[in-house]
Amino acid sequence: MKNTKRSITFKVIIGYLLVAALAAMAVWFIYTQVVKFSSLTQSNTLNNQQLVLVSEIATELYETENTGRRFIQSGDETDLNRYSNQIKSIQNSLDSLKGTYADETMKIELDSISLLLSRKGDNLEEILQLRSQDRNTNYYKEVIQELQKVDESFNEPDYENRFSDLEPHQRRVLIQLLEFSQDEEPAEESSKSTQALVASVKNVLSELEKENQRFREVINKKENELLENDMVLNQQLRKLLSVIEQEERETSLQRVENSQNLLEEVSRIIIIVGVLCILIILFFLFLIVRDVSRSQQYRIKLEEAQVFTESLMKRREQFMATITHDLRSPLNTVMGYTDLIEKSGLNNKQEHYLGYIKKSSEYILHLVNDLLDLSKLEAGKMLIEYLPFNPKNLVEETLTNIIPINDKKNLKVVVDASEEADCKVISDPFRIKQILSNLISNAYKFTESGGITATVALEKEIGDAYTLLIRLKDTGIGISKERQEEIFEEFSQEHGEIEKKYGGTGLGLAITKRITKLLHGSISLKSEPGKGSEFLLKIPVKKVAEDIRPSQEPELPKIELNGRNILIADDEASQLALTKELIRSVGMNCDTAKDGEEAIAKLVSKNYQLVITDIQMPNMDGFQLVKAIRTNPNLSEIPVIAVSGRTNVSDTTYIQAGFTDHMLKPYKPRDFLLKIGEVLKVNLENHPNTHRKPSANDMYSLDEILLFTGDDPKALDTILKALIDSTKINIKEISYAHKQNDSERIAQIAHRMLPMFKQLRADDIVRKLELLEIKKFNLDSKEPLASLLLEIEVLLEALNKEIKA
Ligand code: ADP
């Protein structure tokens, strides 16, 4: 069971560990996949960044193109500045883009774009310079035009339109100069030289014009170059853009594929892990369910075993109850009758035999009591009651009870009690008495000469807590060292021979030790073989304040007993008859009831002074009877004594149930009468148990029957009538069986007849009946049996006369 539990725990732990390991692996795997996935996303943003940069560059390029064109048309320097700023910004963007590529070819490509850009800038600068030169050539043109005014071959002067491009002050100076030249008519010669000059200037100017033309062509060419350069640049950029876009598309596709693969792998792994987890869980679940069902089976078996054990315990208790009741009750009868027989005047032989019967029945009673005590102690059912008592008195009382008054051994019995021990303490006096009884009877049993000394002392502990010390010393046979521990075990007797001689059950000290423990005390032993033994008993007690009232019991008054009615309830006829005869023997009236119901019926119809009831009875038991009595206002005051063979009922249970007192079966007739006297407050101690002196003859004796009937002639008549009637039937049956040759039947009838004839002390007939019983009687011829039957008939005739007498 324990192993299964442990294996279940082990399996659960292993299962959890496996699942945890699997989960950890899955988490690790998924984490790596997530990391991969996030790097894919990162590369995606990088590509996006590149795309943004490229498109920015493209836009800026278009802008530069526009700015360039505007500048070419206007020649405005602010456009040039803007242009160069834009170029710079593109360069920066290109640098950033370059930074995002690890690829060398891409870097080279970007470098080439950057080169083209700077070249574009250079081109524009060149155009700017050429432009400024071109502006200078315009002045020459103006000069030619002015010269034409001098020469007729030049066009009509139109100053305002011609010089519209000039600054106002330049225009004014030129106009004044030209007007002056027209007003003042030059001389002939000077006119000639002027013409020559004009002609040469014209030449020079036409040269200049040609030069200018060429220059213009160069500019145009440069501009074309610039435009071409722009185109190339744009183409390259577009190419780059498409390359990047292409790349992006491919990587994007790749990325989608990768993420797809990644996701598929992750989901595959998750499925595998899930399936594995489920399989592991199922596997361990199977193992655990199997273990649990196994442990369930063990539990069921265990429960069955427990039920079986409990039933065994119950049976044991029942067995004990059987001993208590079924063994103690007949034993009670045996002891009671033995006691009565003892008083009936016996010859020596009979007294001797009776002595054996008494000893044996006392031994059985002792053994039964010991066994019961032991079983009660083992079952923890031995009840401890705490009552006040005087330790000195208790020891003295126990000693007097146990050591016979006419002690043949003549032992010296001493009680040495300290002054403190003569006080009231609280513990269980009955149990202490039980312990002491055992120790004292052992001491007496095993001491042939010398004496027994009991020392009683009280040792103070704390407050009112004391230790009662009782030392019991004898000068007996002693106990060997090796056996000193063993004697406290069950069925331990030191030497077989002595035990045979002294008797004993071997249970006394075992019970003593257990009761001592129950009282929280201890018992120790000092002994030397041949010298004697000393038992020391230590019991914790509580001291109580001394009762100031005189403790002496008042002398019981002697009261006339005749006319007192006592009712006995018992389902056992023999017990009932015995108790009835005992009560009648002291002169009281006695009625009987076979159960509680009958008792109640009798109680309401007649006035009774005492009820004596058995506990176990059919219909209404003793407890129910006492309850019915106590609850009936007319009966509630009647004292009720319980008699029972049950030892497992405590004193308090009886008192709580409403009983006035109780007696344990088997009891001695004397004790029983004393108990009745105690309850009725009359002294029966020395009551003359008067009997009618029987008329003796050699055929029979009525002594024994009279013992039961006392001096009640009616009772004797009833018994004799019953005896005569039944014997007549028995005689007829014997004759019939003899005719049938049924010796078995004859033996049975003889067996049935024997007790009564034995009580009549019809010894001759008894002897013959005994032979019939053991089939040793001569039945071959008719005569012997016929003479026996005749003899019986004569006896019956005589008895019949007794009735009439
Ligand atoms: P029993 O009922 O046989 O006396 P006990 O348990 O009382 O059983 O005693 C066990 C054995 O211890 C006895 O049989 C005897 O051998 C020994 N024993 C007990 N008390 C004494 C004693 N006072 N002197 C010598 N032997 C003793």
Side-chain angles (χ1 to χ4, degrees), residues 323 327 331 358-378 382 395 398-399 401-404 407-416 430-456 469-519 521-539 647:
I323 291 181
L327 200 59
L331 199 60
K358 255 186 120 171
K359 237 186 177 171
S360 299
S361 44
E362 267 163 18
Y363 174 79
I364 298 172
L365 180 65
H366 188 64
L367 182 63
V368 166
N369 284 342
D370 279 359
L371 279 173
L372 280 169
D373 278 345
L374 204 66
S375 83
K376 268 203 275 181
L377 280 162
E378 270 181 2
M382 173 82 76
V395 175
T398 321
L399 268 167
N401 281 355
I402 287 169
I403 294 166
D407 168 30
K408 284 174 195 150
K409 296 183 190 172
N410 217 3
L411 297 181
K412 195 181 170 208
V413 181
V414 182
V415 179
D416 177 14
F430 302 109
R431 299 293 162 217
I432 297 177
K433 195 171 182 177
Q434 196 177 354
I435 295 170
L436 285 174
S437 303
N438 190 44
L439 295 179
I440 294 167
S441 57
N442 274 347
Y444 182 74
K445 205 160 63 173
F446 296 107
T447 310
E448 288 304 321
S449 61
I452 300 168
T453 313
T455 320
V456 194
L469 297 168
I470 302 173
R471 215 179 292 268
L472 204 80
K473 204 171 171 180
D474 66 56
T475 54
I477 57 170
I479 305 158
S480 63
K481 262 257 163 320
E482 312 80 67
R483 290 270 301 146
Q484 284 184 13
E485 273 302 310
E486 283 173 37
I487 57 162
F488 291 102
E489 306 288 320
E490 289 95 34
F491 299 106
S492 58
Q493 290 179 324
E494 216 209 335
H495 10 55
E497 269 178 40
I498 290 166
E499 270 74 47
K500 251 185 231 162
K501 187 176 161 194
Y502 298 107
T505 58
L507 291 172
L509 285 179
I511 293 167
T512 299
K513 181 145 193 184
R514 287 183 191 215
I515 298 176
T516 311
K517 216 172 152 191
L518 212 61
L519 293 170
S522 65
I523 187 162
S524 57
L525 163 69
K526 267 192 244 165
S527 183
E528 219 177 294
K531 286 196 173 166
S533 319
E534 184 185 316
F535 285 88
L536 174 63
L537 182 70
K538 288 184 183 178
I539 307 279
T647 53

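Counting starts at 1 for both ligands and their atoms, following the listed order. Numbering of residues begins at 1 and proceeds along the displayed sequence. These values consider heavy atoms only, across backbone and side chains, with no hydrogens, waters or symmetry-generated copies. Just so you know, these numbers come straight off a predicted model, no measurement behind them.
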Next item on the list: Indicate, as side chain, backbone, both or neither, the part of Leu509 found under 4.0 angstrom from ligand 1 when only non-hydrogen atoms are considered.
Entry: both
Next item on the list: Run the numbers for me: atoms of ligand 1, each under 4.0 Å from some heavy atom of Leu507, listed by number.
Entry: 6 (O), 8 (O)
Next item on the list: List every atom of ligand 1 that sits less than 4.0 Å from any heavy atom of Ser533, numbering the atoms from 1 in the order shown and giving each element.
Entry: 22 (C), 24 (N), 25 (C)
Next item on the list: Between Thr447 and ligand 1, find which residue part has any heavy-atom pair under 4.0 Å and reply side chain, backbone, both or neither.
Entry: neither
Notebook entry, point to check: For Lys538, does the NZ atom have more than 12 heavy-atom neighbours from other residues, nucleotides or ligands under 6.0 Å away?
Noted result: no
Note to self: I'd like to know if the side chain of Gln484 and the backbone of Ile479 have a donor-acceptor N/O pair within less than 3.5 Å.
What the structure shows: yes
Margin query: Check whether Thr447 reaches the backbone of Tyr444 with its side chain - one donor and one acceptor, N or O, closer than 3.5 Å.
Written below: no
Notebook entry, point to check: Does ligand 1 have a heavy atom under 4.0 Å from the side chain of Arg483, from its backbone, from both, or from neither?
Noted result: neither
Next item on the list: Taking all non-hydrogen atoms of both residues into account, name the closest pair between Ser533 and Gly478 and its distance.
Entry: OG-CA, 3.5 Å
Next item on the list: Run the numbers for me: atoms of ligand 1, each under 4.0 Å from some heavy atom of Gly508, listed by number.
Entry: 5 (P), 6 (O), 7 (O), 8 (O)
Next item on the list: Please identify which atoms of ligand 1 are closer than 4.0 Å to at least one heavy atom of Ile479.
Entry: 18 (N), 21 (C), 25 (C), 26 (N), 27 (C)
Next item on the list: Find all atoms of ligand 1 within a distance of less than 4.0 Å from any non-hydrogen atom belonging to Asn438, and give their numbers and elements.
Entry: 7 (O)
